[in-house]
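Note sheet for the following structure.
We use all heavy atoms of the structure for the numbers below, so side chains are in, but hydrogens, waters and symmetry mates are not.
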Amino acid sequence: MAGIVALLGNLLGALAAYYSASFLGETFVKRLLGEKLYLKGESLFNKYGFFAVLIGEPYKLVCWLSGIFKMPPLVFLIASFIARSIRIGAFVFFGNFLEKFIS
C-alpha cells in the first residue's frame, strides 16, 4: 500500500512540476536552472525524448525540462509511471527483503 501511495505522490508531483514549467515559461526555467543546465537538458530531450524521462535523474529536473520542451503530457506520464514504478517497486521489494535480515 505504501508503494502505491508513493507512486501516486510521485506522479502528482511530477505533473505539478511539468505544468509549472510549461506555464512559467522558458525564461523563468532558464533563470531557475541556469543557462548551462538548461542547454544540457535541451540536448538530452532532443536526442532521447521518452527515454530521457525514463532513465533521467535528478527526476525533478527531468519533470521541469519535460514541461518546458513541450513533451506530450501522456508520453511524459507513461514514461514517469514506468520509471517511478520500477524505482519505488525496488525500494518496496528490497525493503521487505532486507527487513528479514535486520530484525
Side-chain angles (χ1 to χ4, degrees):
M1 185 60 149
I4 292 171
V5 171
L7 176 62
L8 291 175
N10 261 263
L11 293 177
L12 287 174
L15 285 172
Y18 174 92
Y19 284 112
S20 294
S22 63
F23 175 74
L24 294 171
E26 183 178 330
T27 305
F28 176 80
V29 174
K30 275 185 180 178
R31 255 187 271 139
L32 181 70
L33 302 177
E35 185 75 24
K36 185 177 178 183
L37 196 53
Y38 178 86
L39 292 174
K40 194 177 227 184
E42 184 176 28
S43 172
L44 179 78
F45 272 83
N46 287 336
K47 190 171 182 179
Y48 298 108
F50 177 87
F51 294 102
V53 176
L54 195 62
I55 60 173
E57 285 295 331
Y59 185 64
K60 194 175 288 187
L61 173 63
V62 170
C63 296
W64 278 88
L65 293 173
S66 297
I68 222 35
F69 298 128
K70 308 291 187 229
M71 176 177 268
L74 185 59
V75 173
F76 170 72
L77 196 56
I78 290 169
S80 292
F81 178 81
I82 294 168
R84 297 289 103 179
S85 293
I86 292 169
R87 184 179 177 102
I88 292 168
F91 278 109
V92 169
F93 174 76
F94 288 115
N96 287 335
F97 180 74
L98 292 174
E99 182 180 43
K100 294 174 186 176
F101 293 105
I102 293 172
S103 54

* Give, for atom CG of Leu61 and atom CG of Leu37, the distance between the pair rounded to the nearest 0.5 Å. => 5.0 Å
* Asked: Are any of the side-chain heavy atoms of Leu7 and Phe81 separated by less than 4.5 Å?
  -> yes
* Apart from Ile4 itself, what residues make up its hydrophobic cluster when side-chain heavy atoms of I, L, V, M, F, W and Y under 4.5 Å apart count as a link, directly or indirectly? -> Leu8
* Asked: Does anything in residues 17-38 pair up under ring-ring contact (aromatic ring centres under 6.0 Å, His included), and if so which pairs, sequence neighbours excluded?
  -> Tyr18-Phe76, Tyr38-Phe69
* To do: Mind checking the CG-CG spacing from Leu15 to Leu77? Nearest 0.5 Å is all I need.
  => 5.0 Å
Side chains of residues 52-60: which donor-acceptor pairs under 3.5 Å do they make with residues two or more places apart or in other chains?
residue	atom	partner	partner atom	Å
Glu57	OE1	Tyr59	N	3.3
Glu57	OE2	Arg84	NH2	2.9
Tyr59	OH	Ser80	OG	2.6

* What residues form a side chain to side chain contact (heavy atoms under 4.5 Å, CB included) with Ser43, not counting sequence neighbours? -> none
* Is there a path of hydrophobic side-chain contacts, each under 4.5 Å between heavy atoms of I, L, V, M, F, W or Y residues, that connects Leu74 with Leu65? -> yes
* Phe91, Ile86: one ILVMFWY side-chain cluster at the under-4.5 Å cut-off? -> no
* Asked: Which residues satisfy the side chain to side chain contact (heavy atoms under 4.5 Å, CB included) test with Phe93, sequence neighbours excluded?
  -> none
* **With sequence neighbours excluded, residues passing salt bridge (Lys or Arg N to Asp or Glu O under 4.0 Å) with Glu42** => none
* Restricting to pairs with a member in residues 11-29, which pass salt bridge (Lys or Arg N to Asp or Glu O under 4.0 Å), not counting sequence neighbours? -> Glu26-Lys30
